[in-house]
Amino acid sequence: MYNQNMVVKLFGQIRAGNPQRVLLCFLEKGIEFEVIHVDLNTFEQKKPEYLLRQPFGQVPAIEDGDLKLFESRAISRYYATKYADQGTDLLGKTLEQRAIVEQWMEVEANYFNVVVLPLVINIVFTPKFDIALVEELKVKLDKVLDVYENQLATNRYLAGAEFSLADLTHMPGMRYIMNEAGLGSMVTSRENVNRWWNEISARPAWKQLMEMAAY
Amino acid sequence: MVMKVYGDGMSACVARVLLCLHEKETEFELVPVDLFACHHKLPSFLSMNPFGQVPVLQDEDLTLFESRAITAYIAEKHKDKGTDLTRHADAKEAAIVKLWSEVESHHFNPAISAVIHHLIVVPLQGKTPDAAIVEENLEKLGKVLDVYEEKLGKTKYLAGDSYTLADLHHVPYTYYFMKTGHAGLVNDRPNVKAWWEDLCSRPAFLKVSPGLTVAPATN
């Protein structure tokens with residue numbers, strides 16, 4: 001019998017970057033899920049009921065039986081580990097390979113996201129944004145993408161020969177770069193980064209997510 | 001062959017790795033990198049870490065950068081000795097350790113490292129700290145510590161009742177922070193204060209803290 005409580009619930013919005021990280025992980029692993037919409041436009045995520053789930057007032061959060069988690073990268077790692085033998089292997093087979101995946105996940109958090117997030121907030125969501133700040137952030141992003149260009153010259157994916165969480169974790173941010181933020185030329189001007197983005201965004205799980213998001 | 005850590009003990013990110021090595025009772029060799037002489041920007045170093053930052057770990061054929069990836073690797077490789085830093089035997093507990101490690105990375109660290117940067121690094125460069133940035137980040141840090149105060153009222157450590165990487169990652173920057181004039185942010189929150197005092201009582205901390213020697217301005 002189908003038990004609604006057996007399916008992991010994701011609290012968030014399908015068009016928001018951090019929930020997309022988790023949704024993509026579910027899709028790559030073939031994990032069934034249910035999205036409980038949290039309306040960011042009306043700041044539902046800042047209301048007391050939601051703060052009980054996520055004390056920083058952000059999406060996503062998950063509820064899976066008695067397990068409640070937040071932080072999209074922690075959630076993704078949990079499901080990639082729990083379902084290691086199902087769907088795409090997102091972590092790597094050896095201790096050393098997992099370490100390299102972890103390293104490039106940290107790079108996303110500490111180098112890529114720290115510039116892409118304020119870039120997106122400014123360019124896409126702020127009517128009169130700080131032009132000097134945006135230019136400064138673009139210079140920083142250029143330097144990060146130069147490192148990626150070099151890494152991807154000798155590696156098909158960021159952590160090596162296989163697609164992993166290290167690539168996946170970049171995808172929501174990359175989508176903004178290529179679309180609403182209007183920074184696609186930073187990618188298309190780099191042969192290897194361009195090849196990498198084209199390849200990972202052609203994955204069936206990504207296409208499924210894009211259909212769900214219906215941009 | 002003994003693991004090599006490239007960097008100096010006074011770097012908070014290097015100290016994160018050293019704490020982990022001591023908690024896991026793992027031998028290592030510390031290879032100094034002269035940051036003031038910009039040795040971390042030389043090609044020989046960039047070939048290990050293209051972002052030109054310490055720490056870097058070398059373990060046989062494996063070269064790793066990013067302190068939190070390094071601690072995760074050490075904790076997994078040596079999961080059967082020393083302190084259980086990841087709660088690896090229980091997937092749900094392990095996930096909660098990862099959750100609070102992410103909180104440190106995305107909520108705590110940006111605020112505290114901005115304060116430390118302006119109160120320690122900027123004066124060392126002969127410049128004046130930006131008081132507005134310090135104020136803004138102290139406010140953000142206060143809000144994060146409010147969340148911690150509540151959590152630490154329910155569990156002894158951030159991820160549960162045992163010390164894990166989720167607590168460890170906080171230690172080096174907090175150590176520096178407590179030497180500024182803003183230690184009240186910690187001391188005025190009884191649960192956070194008790195947690196911090198507990199972290200400082202650990203043998204691994206007592207081995208690493210003497211290396212955390214860069215003195216901040218106290219304003």
Side-chain angles (χ1 to χ4, degrees), chain A residues 18 21 51-52 54-58 61-62 64-84 91-92 94-114 117-118 140 143-144 146-151 153 159 166 169, chain B residues 13 46-53 56-57 59-79 86 88 90-110 113-114 140 143-144 146-151 154 159 166 169:
Chain A
N18 293 325
R21 185 174 284 113
L51 290 174
L52 293 173
Q54 212 285 17
F56 299 96
Q58 294 175 332
I62 63 104
D64 190 352
D66 61 358
L67 178 66
K68 292 181 184 179
L69 292 176
F70 56 93
E71 291 301 323
S72 60
R73 294 168 188 81
I75 298 168
S76 306
R77 284 186 180 95
Y78 170 71
Y79 283 97
T81 307
K82 182 179 179 183
Y83 292 92
L91 291 175
T94 64
L95 172 63
E96 290 76 18
Q97 186 52 28
R98 281 195 293 280
I100 305 279
V101 170
E102 201 57 44
Q103 172 186 280
W104 288 97
M105 285 190 76
E106 287 296 310
V107 167
E108 185 274 332
N110 298 323
Y111 290 96
F112 182 84
N113 189 58
V114 294
L117 181 61
K140 287 180 177 169
K143 292 191 174 138
V144 172
D146 282 344
V147 174
Y148 286 23
E149 181 65 6
N150 207 50
Q151 175 68 9
T169 193
Chain B
C13 299
L46 293 174
S47 65
M48 293 195 296
N49 181 354
F51 293 97
Q53 304 272 26
V56 170
L57 182 85
D59 185 15
E60 312 265 353
D61 291 334
L62 180 68
T63 301
L64 266 190
F65 55 92
E66 289 303 307
S67 63
R68 297 172 190 80
I70 295 171
T71 58
Y73 169 71
I74 295 164
E76 192 186 336
K77 183 173 183 183
H78 296 292
K79 61 185 180 223
T86 57
H88 57 91
D90 183 314
K92 291 179 185 177
E93 285 186 38
I96 294 172
V97 174
K98 287 287 188 189
L99 186 165
W100 289 95
S101 301
E102 288 295 315
V103 169
E104 181 273 332
S105 178
H106 293 283
H107 299 277
F108 181 86
N109 189 61
S113 61
K140 285 181 182 170
K143 290 183 178 151
V144 174
D146 285 340
V147 173
Y148 285 18
E149 182 65 11
E150 179 153 351
K151 183 61 165 73
K154 297 174 191 162
H169 287 168

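Order of the sequence lines fixes the chain letters, A, B, ..., with proteins taken first and strands second; residue numbering starts at 1 for each chain.
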message = Walk me through whether H106(B) and R73(A) qualify under side-chain contact (heavy atoms from CB on, under 4.5 Å).
response = CA-CA 11 Å; H106(B) 293 283; R73(A) 294 168 188 81; 3.4 Å; yes
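- Ranked by heavy-atom pairs under 4.5 Å with chain B, the list F70(A), W104(A), Y78(A) is led by F70(A).
- Comparing H107(B), K143(B), E60(B), K92(B) by heavy-atom pairs within less than 4.5 Å of chain A, the highest count is held by H107(B).
- Heavy-atom distances place both the backbone and the side chain of I100(A) under 4.5 Å from chain B.
- Heavy atoms closer than 4.5 Å to chain A are found nowhere in E93(B), neither backbone nor side chain.
- Neither the backbone nor the side chain of S101(B) has a heavy atom closer than 4.5 Å to any heavy atom of chain A.
- Contact between A74(A) and A95(B) at its shortest, heavy atoms only, is CB-O, 4.4 Å.
- The contact between A72(B) and chain A is made entirely by side chain atoms (from C-beta outward), counting heavy-atom distances below 4.5 Å.
- In this structure, the portion of Y148(A) lying under 4.5 Å from any heavy atom of chain B is its side chain and not its backbone.
- Only the side chain of Q58(A) comes within less than 4.5 Å of a heavy atom in chain B; its backbone stays farther off.
- You'll find the side chain of N110(A) reaches within 4.5 Å of the side chain of R68(B), heavy atoms only.
- Residues meeting the salt bridge (Lys or Arg N to Asp or Glu O under 4.0 Å) test with K68(A), sequence neighbours left out: none.
- With rounding to the nearest 0.5 angstrom, the NZ atom of K143(A) is 12.5 Å from the CZ atom of F51(B).
- Of all the heavy atoms in E71(A) and L99(B), the pair that sits closest is CG-O, 3.8 Å.
- In terms of modelled atom types and a separation under 3.5 Å, the side chain of Q103(A) and the main chain of F65(B) share a donor-acceptor contact.
- One finds a salt bridge joining R77(A) and E102(B) here, because a Lys/Arg side-chain nitrogen approaches an Asp/Glu carboxylate oxygen to under 4.0 Å.
- Between chain A and the options E150(B), K77(B), K151(B), heavy-atom pairs under 4.5 Å are most frequent for K77(B).
- Heavy atoms closer than 4.5 Å to chain B are found in both the backbone and the side chain of V107(A).
- When each of L64(B), D59(B), V97(B) is scored by its heavy-atom pairs under 4.5 Å with chain A, the top score falls to L64(B).
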task = Using the side-chain contact (heavy atoms from CB on, under 4.5 Å) rule, take I70(B) and E102(A) through it: C-alpha gap first, then chi angles, then the decisive distance, then the call.
result = CA-CA 9 Å; I70(B) 295 171; E102(A) 201 57 44; over 6 Å; no
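- Heavy atoms only, all atoms of each residue included: A69(B) and A99(A) are closest at CB-O, 4.4 Å.
- Neither the backbone nor the side chain of N150(A) comes within contact range of chain B; no heavy atoms are under 4.5 Å apart.
- Only the side chain of F56(A) comes within contact range of chain B, with heavy atoms under 4.5 Å apart.
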